[in-house]
Chemist: 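If you scroll down you'll find the structure; I have some questions about it.
The figures that follow rest on heavy atoms only: side chains count, while hydrogens, waters and symmetry mates do not. Proteins come first, then strands; the chains are lettered A, B, ... in the order of their sequence lines, and each starts at number 1.
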Amino acid sequence: MEYNPLDIEKKWQKRWEEEKAFEPFEDESREKKYILSMFPYPSGRIHMGHVRNYSIGDALARYYRKQGFNVLHPIGWDAFGMPAENAAIKNRLHPKNWTYDNIDYMRKELSSLGLSFSKDREFATCDPLYTKWEQEFIIKMFDSGLLYRENNSVNWCESCHTVLANEQVEDGCCWRCDNPVIQKQMPGYYLDILRYAEELLDDLKLLEGKWPHQVITMQRNWIGRSEGLEFKFELSDESKKLLDNNFDGYEVFTTRPDTIFGVTYSALAPEHKIVEYMLENNLLPEDTVKALEKIRNMSERDRAQADKEGYPLGISVIHPLTGKDIPVWTANFVLASYGGGAVMAVPAHDERDFEFATKYNLPIIRVIEGGETLPYTGDGKLIDSGVFSGKDNNQAKKEIIAFFEAERLGKKQINFKLRNWGVNRQRYWGAPIPLVHCPECGLVAEKIENLPITLPDDVEITGEGNPLENHPTWKYCKCPNCGADAIRETDTLDTFVQSSWYQFRYAVNPKKWEEIGIDKDASKYWLPVDQYIGGIEHAILHLLYARFFTKALRDLGYHNINEPFERLLTQGMVLKDGAKMSKSKGNTVDPDEIIKKYGADTARLFILFAAPPQKELEWNDSAVEGAYRFLKKLASKSEKVKYDYLPEIEHSSLSKEAKEARAKVYEALKRGEDVYTKSFAFNTLIAGVMEALNALDKQDDDKVWSEGIYILLHLLEPIVPHIASEMSDKLFGMKNLKDKIEIKDEVFVKDSITYAVSINGKRRSEIEVMADASKEEILKVAKDRGAKWLDGMEIVKEIVVPNKLVNFVIKPK
RNA sequence: GCGGAUGUGGUGGAAUUGGUAGACACGCCAGAUUUAGGAUCUGGUGCCGUAAGGUGUGGAGGUUCGACUCCUCUCAUCCGCACCA
């Protein structure tokens with residue numbers, strides 16, 4: 001067969017399209033597999049990362065479909081977001097047109113790869129129908145208190161003109177545009193993800209062994225649970241007076257209550273309400289005021305890099321156990337947003353406190369034994385700690401917490417690094433937040449029957465200000481509650497909200513899309529996603545949000561699923577010349593051009609062959625040629641096939657080469673199952689197929705050839721579906737793609753076995769013995785062969801590893 | 001600093017439970033074919049050595065008859081977090 005990839009691929013893609021070959025069955029009695037590659041942002045063109053992502057997913061989907069599973073393998077578009085607005089500013093295109101045009105183009109590109117998606121279930125997250133259901137969830141979340149509005153210090157991207165969630169700040173910069181993020185005080189909408197912090201952390205255990213270890217670790221660290229003591233520092237009488245009796249103390253949190261006798265000062269964040277009060281009421285020296293203003297204008301990141309700096313506030317608190325006076329400082333290293341924005345400081349046993357105390361000559365009191373120098377943060381016995389002296393510090397932790405609880409001085413407390421998810425964005429191209437500001441009723445949810453609240457089309461997008469805010473009429477509405485003139489919320493939702501529940505939307509039968517957002521029964525059948533495939537860059541962001549949303553929607557009664565993604569595969573990046581492909585570096589390879597030149601099958605084969613999916617993949621033009629060459633060779637072997645079915649073969653009568661070829665073919669078949677279901681090491685499967693083809697080429701038995709090609713095409717179909725379908729159709733009437741193929745163990749039985757002969761563990765030679773040879777016979781042959789090395793030596797030990805090798809341990813006589 | 005991962009030929013990468021290191025492919029070399037180039041085919045290809053042989057999985061030790069694989073230490077690279085009290 002002549003290999004004409006373009007003709008073949010067009011032909012099969014058309015056929016698949018006409019036959020609607022990849023729609024799941026409406027038959028829930030069948031065993032299901034839900035295979036999902038992360039959906040793309042419709043940026044305009046696909047890139048090699050997409051090709052890799054969808055090639056992996058498609059191979060799995062096709063494999064399971066062939067094994068008789070009911071497979072859901074959908075595609076959609078993560079279609080809201082900044083780039084559409086940037087394009088609007090730059091090229092005067094409407095975000096909606098830009099987005100849908102891009103989707104049309106990319107859809108074509110993806111189909112040219114021959115991906116087996118369910119077309120009926122495709123949607124874009126900017127479709128009003130998708131927005132409608134999302135707004136319903138948001139209203140339910142608002143009603144249940146999970147969504148709330150609060151004035152807070154937020155991350156603000158100067159370039160995107162919008163706030164960002166904590167997870168979306170990378171290295172102090174915006175995750176999308178890489179510009180610096182500043183802190184700004186403003187009202188925002190928050191999803192109370194902390195309500196689920198404990199569950200999100202605990203359930204990571206369920207994912208152990210199914211998700212990459214490092215993703216689990218990253219999530220665990222991000223959630224950042226810590227246990228400790230929260231207690232109140234009572235202000236001294238003088239200090240209370242100084243603060244006009246507006247405060248009687250403040251809460252601090254510590255994970256080291258065992259060191260509490262070593263407290264020599266306490267420090268407040270520059271944003272702490274006491275500091276705030278002192279600033280407003282001119283209770284601080286002028287230098288301090290100026291310095292604090294400077295610090296308060298710094299971002300968290302800049303502060304983290306700055307040297308420790310602080311100022312005494314001229315007030316003091318009472319140590320709850322010793323009754324001593326403790327001076328209170330304000331310091332740049334105390335975070336306002338964690339643990340109440342205040343700390344007790346134990347310089348002897350905390351590096352930060354030590355550094356600060358040293359700088360400002362504050363006293364340092366050791367209360368734990370151990371370590372040669374201070375600060376010492378390890379374990380040890382308590383000293384100078386009142387009744388707790390002499391105790392082991394871990395025991396003392398518990399006892400001191402118990403003591404505080406008994407005396408009602410404080411309580412055991414669990415804190416998280418995780419912050420609530422800020423979900424509003426001051427942008428146009430997003431899902432409107434379905435809430436209304438009423439002068440009478442306050443913040444009110446839209447009526448469900450009014451959903452979706454859609455975006456106005458007639459907007460001017462300039463990049464300045466919030467386009468919805470600036471729209472002449474859109475925001476004016478009636479209060480859904482009292483009917484008074486009211487104003488719509490003009491912020492839109494973070495795009496990560498859309499991608500947090502799309503896995504449930506695909507499970508809804510499209511016939512029901514108008515009636516329901518999430519289908520409880522369908523979710524029960526299809527969810528969780530059996531295999532999720534995507535980039536490691538979403539280890540925290542999307543994967544944490546989607547887990548949270550799954551739990552939140554479960555509790556709102558939409559479904560009964562606890563975790564959305566059963567197994568996760570994080571693919572490595574596609575590199576060129578050792579660097580990530582990017583336009584700015586000019587090292588991109590355009591998938592379209594590769595497909596045009598070699599066909600989709602070559603692209604898919606190369607990308608799965610060049611590296612295991614988890615690893616980075618270095619693009620290599622000549623290796624792509626190699627993949628193409630293999631397919632050409634495969635096609636040319638059509639002529640060797642003389643039987644259009646799996647012929648009966650009398651194995652024992654075959655030549656040595658033919659036996660070898662069969663063994664290789666069945667070895668590949670055996671490996672296939674492991675690769676497709678567990679290891680995903682497609683590279684080794686492909687190598688096995690190549691080996692088998694090479695072995696077939698060394699013999700000329702018609703039956704062995706027919707059987708070999710029959711099986712190899714079966715194995716290759718998920719990877720190179722076009723050529724595999726074409727050849728299978730021509731040669732076998734597709735029979736080889738329909739059923740499982742039984743492994744015939746007899747082909748692995750060999751009449752003779754090659755043993756390596758090693759001396760002192762070093763391979764010296766090899767021997768061939770009959771398969772039924774006894775240990776003694778093997779040793780005899782091995783000794784003859786190894787005579788050269790054994791001569792004049794004493795054999796100390798003889799080891800025979802069945803089917804592998806013989807080892808002689810020798811020493812001079 | 002803390003946490004995680006990875007180190008195997010010129011390159012991408014293989015090596016069930018410890019059992020013939022370098023499968024498969026790229027590249028390279030030689031040959032065949034060709035007017036030539038390209039394409040294709042055949043053979044070779046870890047390193048040193050003409051060879052015998054030696055040596056070899058980042059490095060140093062250890063366990064073992066036998067270590068890419070297990071243990072200890074160490075170096076390098078990459079990624080994530082980064083004052084979370």
Side-chain angles (χ1 to χ4, degrees), chain A residues 170-172 212-222 224-226 228-229 252-256 259 266-267 300-301 303-308 331-335 337-346 349-353 355-356 377 415-419 536-537 539-540 572-573 575 605-606 609-612 614-627 629-630 632-633 636 671 674 681 683-694 754-766 788 795-810:
Chain A
E170 296 173 350
D171 272 347
H213 188 254
Q214 48 164 339
V215 174
I216 293 176
T217 308
M218 281 166 75
Q219 291 217 354
R220 190 168 283 140
N221 292 341
W222 189 264
R225 182 185 192 274
S226 59
L229 168 70
V252 295
F253 173 71
T254 178
T255 54
R256 294 295 305 271
T259 64
S266 169
E300 269 193 25
R301 180 179 168 75
R303 281 189 221 185
Q305 285 171 344
D307 286 339
K308 296 214 176 358
N332 65 343
F333 70 91
V334 182
L335 299 174
S337 49
Y338 186 81
V343 297
M344 68 176 209
V346 184
H349 304 291
D350 182 284
E351 283 170 20
R352 297 152 303 184
D353 297 346
E355 193 187 329
F356 192 81
T377 55
N415 271 340
F416 296 93
K417 276 167 70 173
L418 183 71
R419 311 285 162 85
I536 185 82
E537 65 272 19
I540 305 284
M573 280 193 306
L575 310 178
L605 181 66
F606 166 74
F609 180 56
Q614 296 87 343
K615 275 193 79 163
E616 290 182 335
L617 181 148
E618 174 72 30
W619 188 266
N620 179 331
D621 288 324
S622 37
V624 176
E625 293 262 6
R629 212 147 46 212
F630 170 75
K632 261 201 294 196
K633 180 175 168 186
S636 76
R671 185 181 277 177
D674 185 61
N683 53 331
T684 64
L685 174 62
I686 294 165
V689 170
M690 287 173 170
E691 264 186 86
L693 193 66
N694 291 344
T754 305
Y755 278 79
V757 179
S758 50
I759 316 282
N760 283 345
K762 186 147 292 184
R763 180 180 178 276
R764 291 298 181 180
S765 185
E766 59 180 41
K788 185 175 164 188
I795 298 177
V796 182
K797 202 170 179 184
E798 296 167 343
I799 294 143
V800 178
V801 181
N803 301 319
K804 300 264 178 179
L805 57 79
V806 179
N807 188 23
F808 294 111
V809 184
I810 60 170

Chemist: Would you mind classifying the nucleic acid contact of Ala306(A) as base, sugar-phosphate or nothing, using non-hydrogen atoms under 4.0 angstrom?
Modeler: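 The answer is base, as Ala306(A) lies within the cut-off (heavy atoms under 4.0 Å) of a base atom.
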Chemist: For the pair made of CD1 in Ile540(A) and C1' in G80(B), what is the distance, rounded to whole Å?
Modeler: 8 Å
Chemist: What's the closest nucleotide to the side chain of Phe333(A) if the choices are G4(B), A85(B), A14(B)?
Modeler: A85(B)
Chemist: Just checking Asn694(A): base, sugar-phosphate only, or nothing, at a heavy-atom cut-off of under 4.0 Å?
Modeler: sugar-phosphate
Chemist: Name the nucleic acid region contacted by Arg419(A), choosing base, sugar-phosphate or nothing; use a 4.0 angstrom heavy-atom cut-off, strictly under.
Modeler: base
Chemist: Take Thr754(A) and Gly224(A), find for each the nucleotide of RNA chain B with the closest heavy atom, and name the residue whose nucleotide sits nearer the 5' end.
Modeler: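 Closer to the 5' end of RNA chain B: Thr754(A).
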Chemist: With the side chain of Thr684(A) defined as its heavy atoms from C-beta on, choose the nearest nucleotide among A15(B), G13(B), A85(B).
Modeler: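 Among A15(B), G13(B), A85(B), the one nearest the side chain of Thr684(A) is A15(B).
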Chemist: Given that both distances must come in under 3.5 Å, which nucleotide forms a Watson-Crick or G-U wobble pair with U72(B)?
Modeler: A60(B)
Chemist: For A32(B), which nucleotide is its Watson-Crick or G-U wobble mate, given both distances must be under 3.5 Å?
Modeler: U40(B)
Chemist: Answer with base, sugar-phosphate or nothing: what part of the nucleic acid does Phe808(A) contact at a heavy-atom distance below 4.0 Å?
Modeler: nothing
Chemist: With a sphere of 6.0 Å drawn around CD of Glu351(A), does it hold more than 12 non-hydrogen atoms of other residues, nucleotides or ligands?
Modeler: no
Chemist: For Thr217(A) and Lys633(A), take the nucleotide of RNA chain B holding the closest heavy atom to each; which residue's nucleotide lies nearer the 5' end?
Modeler: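 Comparing both residues, the 5'-ward one is Thr217(A).
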Chemist: C1' atom, A30(B) versus U35(B): distance in rounded Å?
Modeler: 22 Å
Chemist: Give a yes/no verdict on a cation-pi contact between Lys308(A) and Phe333(A), requiring under 6.0 Å between NZ or CZ and the six-membered ring centre and an angle within 45° of the axis.
Modeler: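 Yes, cation above the ring, under 6.0 Å and within 45°.
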Chemist: Of the nucleotides U40(B), C65(B), A82(B), which has the atom closest to the Arg629(A) side chain?
Modeler: U40(B)
Chemist: Suppose you measure atom P in G38(B) against the same atom in G31(B); what distance do you get, rounded to whole Å?
Modeler: 14 Å
Chemist: Looking only at side-chain atoms of Trp222(A), point me to the closest of A25(B), G19(B), A82(B).
Modeler: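 Within the option list, the nearest is A82(B).
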Chemist: Counting the atoms with a prime plus P, OP1 and OP2 as sugar-phosphate, which does Ser226(A) contact under 4.0 Å by heavy atoms, base, sugar-phosphate, or nothing?
Modeler: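 Sugar-phosphate, no base atom in range.
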Chemist: Select base, sugar-phosphate, or nothing to describe what Val796(A) touches, counting heavy atoms under 4.0 Å on all strands.
Modeler: nothing
Chemist: When the distance from CG of Asn221(A) to C1' of C79(B) is rounded to whole Å, what number comes out?
Modeler: 13 Å
Chemist: How many whole angstroms separate atom CD of Glu351(A) from atom P of A82(B)?
Modeler: 18 Å
Chemist: Considering every strand and a 4.0 Å limit on heavy-atom distances, what is the contact class for Glu691(A): base, sugar-phosphate, or nothing?
Modeler: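 Contact class for Glu691(A): sugar-phosphate only.
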Chemist: Of the options G27(B), G3(B), G13(B), whose atoms approach the side-chain atoms of Asn683(A) most closely?
Modeler: G13(B)
Chemist: How far, in whole Å, is G59(B) from A25(B) if one measures between their C1' atoms?
Modeler: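 Pairwise C1' distance, A25(B) against G59(B), rounds to 30 Å.
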Chemist: Nearest of A39(B), A85(B), A14(B) to any side-chain atom of Lys632(A)?
Modeler: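 The closest nucleotide is A39(B).
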Chemist: Of the nucleotides A14(B), G4(B), G80(B), which one has an atom closest to the side chain of Met218(A)?
Modeler: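 Given the options A14(B), G4(B), G80(B), the side chain of Met218(A) is closest to G80(B).
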Chemist: Looking only at the side chain of Asp350(A) (C-beta and beyond, no hydrogens), which of the listed nucleotides C24(B), C26(B), A85(B) gets closest?
Modeler: A85(B)
Chemist: What is the separation between atom CZ on Phe630(A) and atom P on G12(B), rounded to the nearest whole Å?
Modeler: 22 Å
Chemist: If you check the Arg764(A) side chain, which of A25(B), G53(B), A85(B) turns out closest?
Modeler: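 Of all the options, the side chain of Arg764(A) is nearest to G53(B).
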Chemist: Could you state the CZ-C1' distance from Phe606(A) to A25(B), rounded to the nearest angstrom?
Modeler: 10 Å
Chemist: Which pair of non-hydrogen atoms, one from Lys633(A) and one from Asn694(A), has the smallest distance, and what is that distance?
Modeler: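 Closest heavy-atom pair between Lys633(A) and Asn694(A): NZ-OD1, 2.9 Å.
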Chemist: With sugar-phosphate meaning primed atoms plus P, OP1 and OP2, does Ala304(A) contact a base, only sugar-phosphate, or nothing at under 4.0 Å between heavy atoms?
Modeler: base
Chemist: Tell me the interatomic distance from Ile686(A), atom CD1, to A23(B), atom P, rounded to whole angstroms.
Modeler: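 Going from Ile686(A) (CD1) to A23(B) (P), I get 17 Å.
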Chemist: Specify the closest pair of heavy atoms between Asn332(A) and Asp307(A), including all atoms of both residues, with the distance to one decimal.
Modeler: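 Closest heavy-atom pair between Asn332(A) and Asp307(A): ND2-O, 2.8 Å.
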Chemist: Between Val801(A), Asn807(A), Val809(A), which is the residue that forms a side-chain contact (heavy atoms from CB on, under 4.5 Å) with Ser758(A)?
Modeler: Asn807(A)
Chemist: Which part of the nucleic acid does Lys788(A) contact within heavy-atom distance under 4.0 Å: base, sugar-phosphate only, or nothing?
Modeler: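 Sugar-phosphate, no base atom in range.
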Chemist: Using a heavy-atom cut-off of under 4.0 Å over every strand shown, decide if Lys762(A) touches base, sugar-phosphate, or nothing.
Modeler: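 The answer is sugar-phosphate, as Lys762(A) gets under 4.0 Å only of primed atoms, P, OP1 or OP2.
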Chemist: To the nearest Å, how far apart are Gln305(A) CD and C83(B) P?
Modeler: 9 Å
Chemist: Among the candidates C81(B), G53(B), G4(B), find the nucleotide nearest to the side-chain atoms of Lys417(A).
Modeler: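 Nearest to the side-chain atoms of Lys417(A), counting from C-beta on, is C81(B).
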Chemist: Between P on G18(B) and CG on Leu805(A), what's the gap in Å once rounded to a whole number?
Modeler: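 Distance, rounded to whole Å: 14 Å.
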